[in-house]
Amino acid sequence: MFEQLKTSVLMVLIFSVVTGLAYPLAITGVAQLAFPKQAGGSLIMRDGTAVGSELIGQSFDAAEYFWGRPSATGPAPYNGGASGGSNLALGNPAQLDALRIRVAKLRAADPEQGAAVPLDLVTASGSGLDPHISPAAAAYQAARVARARGLPLEEVRGLVAAATEPPQWGLLGEARVNVLRLNLALDGRNDR
Amino acid sequence: MSVGEWTQVLLYVGVLLLCVRPLGAYMAAVYEGDAPRGVRFLAPFERLIYRACGVKAEVEMSWKQYAGAMLLLHVVGFVVLYGLQRLQGMLPLNPAGLGAISPDSSFNTAVSFVTNTNWQGYGGETTMSHLTQMAGLTTQNFLSAAAGMAMLVALIRGFVGRQTASVGNFWVDLTRSTLYILMPLSIVLALVLVWQGVVQTLDPYVTISPARSFFGADGGGVSEQRLALGPAASQIAIKQLGTNGGGFFNANSAHPFENPTPLSNFLQCLAILLIPAALCHTFGRMVRDTRQGWALLAAMTIVFIGFLGVGLWAESRPHPRAAEMGLSTSPVDGPIGNMEGKEVRFGVVNSVLWATATTAASNGSVNSMHDSFTPLGGLVPMVLMQLGEVIFGGVGSGLYGLLLFVLVTVFIAGLMVGRTPEYLGKKIEAFEMQMASIGVLVPCLCVLIGTAIAVMLPGIGASITNPLPHGFSQVLYAFSSAGNNNGSAFAGFGANTPAHNLLLGLAMLLARFWVAIPVLAIAGSLAGKKHVPASSGTLPTHTPLFIALLIGVVLIVGALTFVPALALGPIAEQVEMAGVK
């Protein structure tokens, strides 16, 4: 019995070193060498400062930017330090109210847009950090953004098309638009 | 569902089944001490571990010694993990300066990771230092998975053994599972995940300064964004492969740093079922009748596909209020189906596929928030857990759980024709049936009695965050998860209270060890028996008839036990929702 206990303690110690320290540190080392950008959070750099991550959404609500999905993180939306979803049930009155408010806000920002509201624009993502919207959600907002910026609609649509990623390898996942990249591209266009 | 979406489902099931044979054969070779040439360079490390720990690899154990060693490992693992959490404020590798974790939460988390449940009452990025995540949680991800695989191998030896007292050596099985199977697969998966964008760094966070122009006229945008980072990829790889499921970040595999692309999603989802599925073939090889393994795999796959179908149907229907609110109802206008709590890059299909896989296996990681699923969509993961985590199930534990159901099935079939039941040449007698019954029923008791106690506790209202009947589903889901060592949650449920931490912790302990120990007892009892050659009266256990019988027993035990509880939760909610429409 005592012998087995000694073995147990030694086993936990050895595997703590091998699987708990050597393994993650070795992976960290290789990752930093082979994929430094991804391992550090896929940051988007502008003039030496990180303005965002390709993988993490940011909060936009000015008319001249494309808006991302609602985010349920606290205390502020898109809090990259505390991820999470709303966890509201479909029939929860709080959820139905949130849907109505979001639809009303989109309609108020662009009263001329009569199309059905894309569902992803009014539902909170699971992480609260979703960087993407559906191509339909980008198309829905294109006219508003073009008007607010005084850009031709076709040009904005072109930027949307350029920021649209198809399913990976044409097969996996859904087509999507990276909102931060699209907005950065819009700003770049106006600067010129 | 579109053609592309059906293709993804078929591709997933297809690739999974294609991996079963090579990986299953490899694992059988490893456990029989005949590791393939490609990995023999690991043998010196294996011997070194034995020497350092005082393991005599050639000494075989009785089932009681085997169970004793397994329990001791878990006790020591628990003490270390509890200590790491309580002391993390004074220990190194804590760049974010996180303090000690409360005693009840530390107890719950230590139990949770030692029992391969990985229920998480805490949010990773706001609670755990890098040292706790790596040396504490990652280590237990490996060890709890390896222990599950070891116990399955012991049970298999019980079927194979001829009048012997021994079921193998726990330390050898544990070491081989880790060194030859979990470790190599984890290294490969972790690196692929980093390539796809999963973070792997010792920095605790990075501060983002959004470009000046992002501050809209109406105050839009944020002044700065702090992104939590950490050594995530290494932990995520083993969390999926070892059916652990505990996320590095609070949002688990919905977090873009934990699961950034559809490819990372596909591979993680594949990793969830990979080893549990392949172990069926390992079983077939080790009992020298591969048809037996394929039959069990077929039973698992059929039930999996059935539940997947229900989930896909429920979640991809348009929102019940869509027309009234002016939301998209056709694919031209935007996503249809239930997008609350789901990520755009995965969509409904990959979210449901994951939810089904993670609860069929006792994994419990999530890439979407199950709490926001439709009533029927949320019922699917709940039922898959309640069936006892035997549809693929945990690594090792899933298959040994299903083998308990196999014993029950041959017993019932034996009753029907009036013959002593046999399985793989071993007579199934009173002792085996008693142990199998305990193993099947204790998780059910944990779920139902745990739920009943929890809903009667004062203050439960503060933990429930959705109106009834969904609020009841949150409690039932929590205990279905803990009582079957899954670990996923209806995450709105406020589980991090002393009472819930204690109750759920007890459920996890009972569910793990009151199945594991009866399984080892069966292994010991069977190993001591003679082999009975099959006769014309023996029920063949690899036929479609037997597969159907087995599925029937699994579903009937589950339905008889849980339909009343489900009627108060998801079923009532579905009826109510159909009513308002």
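Letters go in sequence order (proteins before strands), and every chain restarts at 1.
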Original post:
What heavy-atom pair brings A/L119 and B/P335 nearest, and what distance separates the two atoms?
Top reply: CB-O, 3.4 Å

**OP:** Tell me, for B/Q133 versus chain A, whether the close heavy atoms (under 4.5 Å) come from the side chain, the backbone, both or neither.
**Re:** neither

**OP:** Calculate, to the nearest 0.5 Å, the distance between atoms OG1 and NE2 belonging to A/T28 and B/H130 respectively.
**Re:** 9.0 Å

Subject >> Between A/L21, A/V103, A/L171, the one whose heavy-atom pairs under 4.5 Å with chain B are most numerous >> reply: A/L171

**OP:** Please look at A/W169 and chain B and tell me whether the side chain, the backbone, both or neither of the residue comes under 4.5 angstrom of a heavy atom of that chain.
**Re:** side chain

**OP:** Pick one of side chain, backbone, both or neither for B/V198, based on which atoms fall under 4.5 Å of a heavy atom in chain A.
**Re:** backbone

Original post:
Is there a side-chain contact between B/E343 and A/R176 (heavy atoms, below 4.5 Å)?
Top reply: no

**OP:** Heavy atoms only, distances under 4.5 angstrom: which of A/A124, A/S42, A/S134 has the most pairs with chain B? Name it, please.
**Re:** A/A124

Subject >> Point-to-point distance, once rounded to the nearest 0.5 Å, from CH2 of B/W171 to CD of A/Q4 >> reply: 6.0 Å

Original post:
Is the shortest distance from a Lys or Arg side-chain nitrogen in A/E174 or B/K342 to a carboxylate oxygen in the other one below 4.0 Å?
Top reply: no

Original post:
With a 4.5 angstrom heavy-atom cut-off, which part of B/D203 approaches chain A: side chain, backbone, both or neither?
Top reply: neither

Subject >> Proximal component of A/L96, with respect to chain B [non-hydrogen, under 4.5 Å] >> reply: both

Original post:
Of the listed residues (A/P36, A/G91, A/G52, A/A115), which shares the most heavy-atom pairs with chain B below a 4.5 Å separation?
Top reply: A/G52

Original post:
Quick one: are A/T123 and B/N338 in side-chain contact, heavy atoms under 4.5 Å?
Top reply: no

Original post:
Quick one: what part of A/V177 sits under 4.5 Å from any heavy atom of chain B, side chain, backbone, both or neither?
Top reply: neither

Original post:
Considering only heavy atoms, which portion of A/E165 lies under 4.5 Å from any heavy atom of chain B: side chain, backbone, both, or neither?
Top reply: neither

Original post:
Which bit of B/L11 comes within less than 4.5 Å of chain A, counting heavy atoms only: side chain, backbone, both or neither?
Top reply: side chain

Subject >> Contact origin within B/V366 toward chain A - heavy atom pairs under 4.5 Å >> reply: neither

Subject >> Atom group of B/E5 that falls short of 4.5 Å from chain A, counting heavy atoms >> reply: side chain

Original post:
Looking at side-chain heavy atoms only, is the closest gap between B/V344 and A/R69 below 4.5 Å?
Top reply: yes

Original post:
Between A/P118, A/G85, A/G57, which shows the greatest number of heavy-atom pairs under 4.5 Å with chain B?
Top reply: A/P118

Original post:
Which atom pair, heavy atoms only, marks the closest approach of B/A52 to A/L10?
Top reply: O-CD1, 3.4 Å

**OP:** Return the minimal non-hydrogen interatomic distance between B/D333 and A/A116, and the atom names on each side.
**Re:** OD2-CB, 3.8 Å

Original post:
Can you name the nearest heavy-atom pair linking A/F35 to B/L191, along with the distance?
Top reply: CE1-O, 3.8 Å

Original post:
Which region of A/V9, side chain (C-beta onward) or backbone (N, CA, C, O), has a non-hydrogen atom less than 4.5 Å from a non-hydrogen atom of chain B, or is it both or neither?
Top reply: both

Original post:
Counting heavy-atom pairs under 4.5 Å to chain B, which of A/A136, A/P24, A/A34 comes out on top?
Top reply: A/P24

Original post:
In Å, rounded to the nearest 0.5 Å, how long is the span from CZ of A/F15 to OG1 of B/T178?
Top reply: 4.5 Å

Original post:
Can you tell me how far the CG atom of A/L172 sits from the CG atom of B/L263, to the nearest 0.5 Å?
Top reply: 6.5 Å

Subject >> Atom pair OG1 (A/T7) and CG (B/L73), whose distance is rounded to the nearest 0.5 Å >> reply: 10.5 Å

Subject >> Contacting moiety of B/L143, where chain A heavy atoms sit under 4.5 Å >> reply: side chain

Original post:
Which atoms of A/A89 come close to chain B, meaning under 4.5 Å heavy atom to heavy atom: side chain ones, backbone ones, both, or neither?
Top reply: both

Original post:
If we only count heavy atoms from C-beta on, is the A/N87 to B/Q474 side-chain gap below 4.5 Å?
Top reply: no

**OP:** Let me know if B/F346 has heavy atoms under 4.5 Å from chain A in its side chain, its backbone, both or neither.
**Re:** backbone

Original post:
What part of A/E3 lies closer than 4.5 angstrom to a heavy atom of chain B: side chain, backbone, both or neither?
Top reply: side chain

**OP:** Please examine the side chains of A/D130 and B/P256, heavy atoms only from C-beta on, and report whether any two atoms are closer than 4.5 Å.
**Re:** no

Subject >> Per-residue contact mode, A/L121 against chain B (heavy atom under 4.5 angstrom) >> reply: neither

Subject >> Contacting region of B/H255 [heavy-atom separation from chain A under 4.5 Å] >> reply: both

Subject >> Results of side chain to side chain contact (heavy atoms under 4.5 Å, CB included) for B/Y50 - residues two or more places apart only >> reply: B/E46, B/V55, B/A57, B/V172, B/T175, B/R176

Original post:
When only pairs under 4.5 Å are counted, which of B/M369, B/R345, B/Q65 shares the most heavy-atom pairs with chain A?
Top reply: B/R345

Subject >> Region of A/Q32 that comes under 4.5 Å of a non-hydrogen atom in chain B >> reply: side chain

**OP:** Would you indicate whether the side-chain heavy atoms of A/P167 and B/P262 approach each other to under 4.5 Å?
**Re:** no

Original post:
Do you know which of A/L129, A/L25, A/I56 has the most heavy-atom pairs under 4.5 Å to chain B?
Top reply: A/I56

Subject >> Per-residue contact mode, B/E324 against chain A (heavy atom under 4.5 angstrom) >> reply: side chain

Subject >> Contacting moiety of B/E340, where chain A heavy atoms sit under 4.5 Å >> reply: both

Original post:
What do the steps show when you test A/Y140 against B/S328 for side chain to side chain contact (heavy atoms under 4.5 Å, CB included), and what is the final call?
Top reply: CA-CA 11 Å; A/Y140 182 88; B/S328 53; over 6 Å; no

Original post:
For A/T49, is it the side chain, the backbone, both, or neither that has a heavy atom closer than 4.5 Å to a heavy atom of chain B?
Top reply: neither

Original post:
Which heavy atom of A/A39 sits nearest a heavy atom of B/V194, and at what distance?
Top reply: CB-CG1, 4.0 Å

**OP:** Go through the atoms of B/M61 and report whether side chain, backbone, both or neither lie under 4.5 Å from a heavy atom of chain A.
**Re:** side chain

Original post:
So do A/L90 and B/H319 actually touch side chain to side chain, heavy atoms under 4.5 Å?
Top reply: yes

**OP:** Against chain B, label A/T73 side chain, backbone, both or neither, depending on which of its atoms sit under 4.5 Å from a heavy atom there.
**Re:** neither

**OP:** Taking the side chain as every heavy atom from C-beta outward, state whether B/M325 and A/R100 have any pair of such atoms under 4.5 Å apart.
**Re:** yes

Original post:
Which answer fits B/N466, side chain, backbone, both or neither, if we ask what part of it has an atom under 4.5 Å from a heavy atom of chain A?
Top reply: both

**OP:** To the nearest 0.5 angstrom, please state how far the CG atom of B/L229 sits from the CG atom of A/L43.
**Re:** 7.5 Å

**OP:** Please state whether the side chain, the backbone, both or neither of A/I14 comes within less than 4.5 Å of a heavy atom of chain B.
**Re:** side chain

Original post:
chain A heavy atoms under 4.5 Å from B/T7: which part of the residue, side chain, backbone, both or neither?
Top reply: side chain

